[in-house]
Amino acid sequence: MRLSKTLLPTLKEDPVEAQIVSHKLMLRAGMIRQLGAGIYNWLPLGLRVLRKVENIVRQEMDKAGAQEVLMPAVQPAELWQETGRWEQYGVELLRFKDRGGRDFCFGPTHEEVITDLVRNELRSYKQLPANFYQIQSKFRDEVRPRFGIMRGREFLMKDAYSYDLDQESLDNSYDLMFKAYQNIFKSCGLSFRAVEADTGAIGGSDSHEFHVLAESGEDAIASCNSCDYAANLEKAEAGTPKAIPSPTKEQMQKIATPEAKTIDEVSEFFTVTPDKTVKSLLVKTDEGPFMLLLRGDHELNEIKASNFLDGNNFSLLEPEEVKNITGVSVGSLGPVGAKLPVIADLSLANNSGFICGANEDGYHLTGVNWERDLPKPKFADLRNVQVGDSCSRCGSGTLRLDRGIEVGHVFKLGDKYTKSMGMTVLNQLGREQTPLMGCYGIGVSRIVAAAIEQNHDDNGIVWPISLAPFHVEILLINPKEEAAANLANDIYKQLQDSGLEPLLDDRNERIGVKFKDADLIGAPIRVVIGGRGIKEGAVEVQSRVDGSSEKVVLDKVAELLINRAKNLLSV
RNA sequence: CGGGGUGUAGCGCAGUCUGGUAGCGCAUCGGUUUUGGGAACCGAGGGCCGGAGGUUCGAAUCCUCUCACCCCGACCA
């Protein structure tokens with residue numbers, strides 16, 4: 001591609017609306033432009049990268065035996081009503097009516113559409129297992145779109161849906177996808193991690209997320225330093241920490257603590273570390289209010305709590321509600337004498353002599369013991385794991401926390417959709433049987449942003465070659481110098497003929513501008529061609545990755561560039 | 001949905017408090033000189049000052065309503 005004939009509007013300054021590196025760089029490098037909140041135009045440079053990701057995904061999906069289809073973006077409400085999701089899905093589902101007043105939505109996902117298709121077309125167990133995928137624009141009316149295409153409302157997604165006759169076959173299909181995903185992210189040149197995940201409202205048994213590790217990630221990932229356990233913080237199981245025994249066999253005492261409300265204040269008041277204290281939180285579900293107990297230095301995991309309580313509409317109570325229900329302020333709540341059902345985190349099971357609120361404003365209890373001072377409550381894993389916690393899987397390792405960007409998610413859905421939509425096939429016995437389903441998503445457009453988060457420096461993007469919009473950039477210092485221009489054109493053509501994608505900066509710009517833009521755009525290899533080099537009989541080949549450069553004699557340049565690019569591509 | 005902020009040239013902003021029909025830098029176009037890390041000079045074009053209504057002799061500026069976008073929080077297959 002010749003830069004003189006390409007829309008590549010680079011920006012010198014950081015756009016004010018961009019918060020994270022990838023968003024800034026995508027705007028500055030002229031890859032995208034915003035049209036509305038969470039909605040973006042893809043310019044030529046950005047589209048080239050997007051297509052690279054798409055093709056990698058397509059190749060691996062095909063290799064794994066999935067069949068590509070293309071479903072409509074616009075879907076009739078009837079399908080969603082069949083599975084009940086028309087009501088359940090909430091505000092993120094963009095709904096609208098057609099001319100005749102019929103309800104439609106812009107698809108945020110396609111379980112209903114694909115299941116409708118296959119229930120009409122698949123009749124026999126002989127047609128299973130089957131896996132269909134598409135690469136398509138989705139729309140989710142995010143409450144708060146942000147970070148450019150990282151969390152946009154319209155985005156490009158690869159979604160795949162598998163159908164199997166039984167659990168064993170589903171496990172196998174899931175495994176195939178899991179491996180395909182590893183190949184995909186590896187091919188994209190990303191540093192990633194597969195982690196166990198909560199299945200959320202979509203339901204199902206097993207679920208893994210694939211995360212690109214990056215500081216700007218919106219998710220926290222816990223992983224063990226000894227075994228291969230890794231999980232989203234939402235899901236990560238807490239091991240049981242060592243009991244914190246009471247320093248003395250003291251009796252329970254009520255102490256006036258007029259100024260101490262928060263855990264920090266209470267710990268300071270009693271001059272103990274926060275892990276000697278217990279915090280009491282009030283939550284509610286449809287079933288009513290509950291009191292949850294956590295060690296003072298621990299944090300509530302609302303997903304675990306919500307799953308354990310098994311009610312809908314889980315939420316923390318507001319301070320005013322707490323006061324209304326218990327007659328006590330938030331800062332003095334405690335389990336002794338509490339009239340609500342109490343559930344305590346596992347880490348408290350063996351503790352004794354702890355400090356907690358006295359259920360009376362301005363007072364705390366010290367030296368509290370289970371059974372002696374209050375009945376033993378139910379125990380459950382309610383907290384977020386912390387750095388340094390022992391691993392619940394292997395018991396010997398400890399956990400670390402990293403930030404991750406979720407770029408893929410695989411689920412075993414079971415019969416949730418096939419059953420509600422009445423999909424059956426005939427089995428070996430000639431009986432109707434409801435197949436089991438799996439679904440597998442990849443955020444194609446998000447991968448572009450994630451790749452930049454992981455591959456950039458102060459000057460711009462440093463593409464892994466598999467995603468690079470161009471393999472080699474040729475910087476022609478002065479297009480008016482005929483010898484240099486001829487050489488540049490000649491190299492350009494040779495690169496193209498060898499199947500590579502070169503970018504020729506043949507603009508009538510000063511070399512400084514070209515260098516700056518080349519840094520931004522981030523082609524892995526570049527070559528600088530000017531009159532001086534031609535006179536010396538050698539031009540400079542540079543690496544965007546490590547900034548190294550070397551002089552190469554003129555008649556070897558094209559060959560060297562081709563070999564170098566192909567080497568990088570084959571790794 | 002709650003809180004905060006911003007809308008003035010393609011981009012970044014000043015002007016708004018204190019009303020007199022708009023300015024700076026970058027970018028763009030023409031010219032001259034330059035040409036190995038974001039050039040210099042000369043000249044030029046480009047604005048329903050987010051929108052609607054109101055106050056006023058007169059509104060980017062004051063008032064009312066509205067729309068859009070950004071940030072924090074809540075929420076989140």
Side-chain angles (χ1 to χ4, degrees), chain A residues 7 9-20 23-24 27-28 30 33-40 80 83 85 88-94 105 107-112 138-148 151 153 155 157 159 161 197-204 207 209 218-219 232 234 302-303 306 313-316 318 406 408-411 413 416-417 439-443 458-460 475-481 484-485 505 507-520 526-536 538-540 542 547 549 551:
Chain A
L7 178 64
T10 54
L11 306 173
K12 281 188 197 173
E13 296 172 64
D14 279 338
V16 280
E17 73 267 24
Q19 310 298 310
I20 61 171
H23 190 193
K24 286 178 186 170
L27 289 165
R28 286 192 55 204
R33 286 293 183 263
Q34 181 170 13
L35 181 62
I39 306 178
Y40 289 85
W80 287 72
T83 57
R85 288 211 292 181
Q88 281 167 22
Y89 207 96
V91 294
E92 280 193 19
L93 185 62
L94 175 62
C105 64
T109 179
H110 282 70
E111 282 83 6
E112 280 84 358
K138 299 273 193 279
F139 194 97
R140 293 180 192 174
D141 201 351
E142 291 279 348
V143 180
R144 190 144 99 78
R146 62 190 123 174
F147 303 150
R151 183 171 285 277
R153 294 196 292 172
F155 56 97
M157 182 170 173
D159 48 325
Y161 307 91
D198 187 69
T199 49
I202 202 162
S207 174
E209 291 170 349
E218 294 186 89
D219 288 287
N232 194 307
E234 292 176 352
E302 298 196 22
I303 290 171
S306 174
N313 300 315
F314 175 92
S315 68
L316 267 171
E318 296 295 322
E406 183 188 348
H409 203 160
V410 293
F411 290 91
L413 292 175
K416 177 169 170 171
Y417 296 91
C439 80
Y440 317 91
I442 288 183
D458 290 346
N459 296 316
L475 282 79
L476 175 54
I477 290 176
N478 185 354
K480 287 174 188 153
E481 289 171 351
D505 193 345
R507 293 176 300 174
N508 197 9
E509 288 286 351
R510 298 172 69 81
I511 186 62
V513 174
K514 297 187 182 189
F515 274 124
K516 289 292 180 189
D517 280 348
D519 286 344
L520 253 187
R526 67 191 180 204
V527 55
V528 187
I529 297 177
R532 197 175 82 192
I534 292 195
K535 242 178 254 161
E536 291 171 4
V539 294
E540 199 175 333
Q542 301 179 335
S549 76
K551 298 274 185 185

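By convention in this document, chain letters (A, B, ...) are assigned in the order of the sequence lines, proteins followed by strands, and residues within each chain are numbered from 1.
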Measure from the side chain of [X], starting at C-beta and using heavy atoms only, and say which of [options] lies closest.
{"X": "Ile511(A)", "options": "G36(B), A27(B), A74(B)", "value": "G36(B)"}
{"X": "Arg28(A)", "options": "G38(B), C71(B), C1(B)", "value": "G38(B)"}
{"X": "Arg146(A)", "options": "G36(B), C75(B), G38(B)", "value": "C75(B)"}
{"X": "Val528(A)", "options": "G36(B), G38(B), C75(B)", "value": "G36(B)"}

Determine the interatomic distance between [atom1] on [N] and the same-named atom on [M]; round to the nearest Å.
{"N": "A60(B)", "M": "U55(B)", "atom1": "P", "result": "16 Å"}
{"N": "U6(B)", "M": "C13(B)", "atom1": "C1'", "result": "12 Å"}
{"N": "U16(B)", "M": "G20(B)", "atom1": "C1'", "result": "14 Å"}
{"N": "C11(B)", "M": "C57(B)", "atom1": "P", "result": "37 Å"}
{"N": "G12(B)", "M": "C70(B)", "atom1": "C1'", "result": "15 Å"}
{"N": "U61(B)", "M": "C17(B)", "atom1": "C1'", "result": "9 Å"}
{"N": "C26(B)", "M": "C42(B)", "atom1": "P", "result": "12 Å"}
{"N": "A27(B)", "M": "G10(B)", "atom1": "P", "result": "16 Å"}

Interatomic spacing from [atom1] in [X] to [atom2] in [Y] - rounded to 0.5 Å:
{"X": "Leu476(A)", "Y": "Asn478(A)", "atom1": "CG", "atom2": "CG", "answer": "7.0 Å"}
{"X": "Lys24(A)", "Y": "Gln19(A)", "atom1": "NZ", "atom2": "CD", "answer": "7.0 Å"}
{"X": "Asp505(A)", "Y": "Phe515(A)", "atom1": "CG", "atom2": "CZ", "answer": "10.5 Å"}
{"X": "Arg532(A)", "Y": "Glu481(A)", "atom1": "CZ", "atom2": "CD", "answer": "11.0 Å"}
{"X": "His23(A)", "Y": "Asp14(A)", "atom1": "NE2", "atom2": "CG", "answer": "11.0 Å"}
{"X": "Asp517(A)", "Y": "Thr10(A)", "atom1": "CG", "atom2": "OG1", "answer": "3.5 Å"}

With both distances under 3.5 angstrom, what nucleotide forms a Watson-Crick or G-U wobble pair with [N]?
{"N": "G2(B)", "answer": "C72(B)"}
{"N": "U16(B)", "answer": "none"}
{"N": "A60(B)", "answer": "none"}
{"N": "C41(B)", "answer": "G31(B)"}
{"N": "G7(B)", "answer": "C67(B)"}

Checklist entry - Think Gln542(A) has a side-chain N or O under 4.0 angstrom from the OP1 or OP2 of G36(B)? => result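 Checking G36(B) against Gln542(A), no side-chain N or O comes under 4.0 Å of OP1 or OP2.
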Checklist entry - So does Arg144(A) get a side-chain nitrogen or oxygen closer than 4.0 Å to the phosphate oxygens (OP1/OP2) of C76(B)? => result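 Checking Arg144(A) against C76(B): no side-chain N or O falls below 4.0 Å of OP1 or OP2.
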Value in whole Å for how far the [atom2] atom of [N] lies from [atom1] of [X]:
{"X": "Phe147(A)", "N": "C72(B)", "atom1": "CZ", "atom2": "C1'", "result": "11 Å"}
{"X": "Arg507(A)", "N": "G36(B)", "atom1": "CZ", "atom2": "P", "result": "16 Å"}
{"X": "Arg151(A)", "N": "C75(B)", "atom1": "CZ", "atom2": "C1'", "result": "10 Å"}
{"X": "Glu218(A)", "N": "C75(B)", "atom1": "CD", "atom2": "P", "result": "14 Å"}
{"X": "Gln88(A)", "N": "C75(B)", "atom1": "CD", "atom2": "C1'", "result": "17 Å"}
{"X": "Leu316(A)", "N": "A74(B)", "atom1": "CG", "atom2": "C1'", "result": "12 Å"}
{"X": "Phe515(A)", "N": "A39(B)", "atom1": "CZ", "atom2": "C1'", "result": "16 Å"}
{"X": "Gln34(A)", "N": "A68(B)", "atom1": "CD", "atom2": "P", "result": "13 Å"}

Checklist entry - Given Arg151(A), which of Glu406(A), Glu218(A), Glu92(A) fulfils the salt bridge (Lys or Arg N to Asp or Glu O under 4.0 Å) condition? => result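 Only one of Glu406(A), Glu218(A), Glu92(A) forms a salt bridge (Lys or Arg N to Asp or Glu O under 4.0 Å) with Arg151(A), namely Glu218(A).
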Checklist entry - For Ile477(A), which residues count as a side chain to side chain contact (heavy atoms under 4.5 Å, CB included) partner, sequence neighbours excluded? => result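 Testing Ile477(A) for side chain to side chain contact (heavy atoms under 4.5 Å, CB included), a comparison that skips the adjacent residues, returns Ile511(A), Val528(A).
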Checklist entry - Who passes side chain to side chain contact (heavy atoms under 4.5 Å, CB included) against Ala37(A), sequence neighbours left out? => result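 By the side chain to side chain contact (heavy atoms under 4.5 Å, CB included) rule, Ala37(A) matches Pro145(A), Arg153(A).
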Next on the checklist: Test of understanding: with ring pair (Phe, Tyr, Trp, His ring centres under 6.0 Å), list the residues that count as partners of Tyr89(A), not counting sequence neighbours.
Outcome noted: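 Tyr89(A): ring pair (Phe, Tyr, Trp, His ring centres under 6.0 Å) contacts with Trp80(A).
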Checklist entry - 5'-most contact on RNA chain B: Glu481(A) or Pro108(A), nearest heavy atom basis? => result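 Looking at the nearest nucleotide for each, Glu481(A) comes out on the 5' side.
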Checklist entry - With nearest nucleotides of RNA chain B determined for Glu406(A) and Arg532(A) from heavy-atom distances, which residue corresponds to the more 5′ nucleotide? => result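 Nearest-nucleotide comparison on RNA chain B picks Arg532(A).
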Select base, sugar-phosphate, or nothing to describe what [X] touches, counting heavy atoms under 4.0 Å on all strands.
{"X": "Gly531(A)", "answer": "nothing"}
{"X": "Gln19(A)", "answer": "sugar-phosphate"}
{"X": "Arg526(A)", "answer": "base"}

Item to check | Lys480(A): partners by salt bridge (Lys or Arg N to Asp or Glu O under 4.0 Å), with sequence neighbours left out | outcome: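 Scan of Lys480(A) (salt bridge (Lys or Arg N to Asp or Glu O under 4.0 Å), adjacent residues dropped) gives none.
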Item to check | From CA spacing to verdict: side chain to side chain contact (heavy atoms under 4.5 Å, CB included), Lys138(A), His110(A) | outcome: CA-CA 9 Å; Lys138(A) 299 273 193 279; His110(A) 282 70; 3.2 Å; yes
For nucleotides 29-34 of chain B, list the nitrogen or oxygen atoms of the protein found under 3.5 Å from its nitrogen or oxygen atoms, one pair per line.
from, atom 1, to, atom 2, distance (Å)
U34(B), O2, Arg510(A), NH1, 2.6

Checklist entry - Is the base of G38(B) touched by the side chain of Glu509(A) through a donor-acceptor pair closer than 3.5 angstrom? => result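 Between G38(B) and Glu509(A), which were checked side chain against base, a qualifying N/O pair under 3.5 Å is absent.
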Item to check | Polar side-chain contact Asp519(A)-G37(B) base: donor and acceptor under 3.5 Å | outcome: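 Answer is yes: a donor-acceptor pair is held.
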Please list, for nucleotides 6-14 of chain B, all pairs of protein and nucleotide N/O atoms separated by less than 3.5 Å.
none

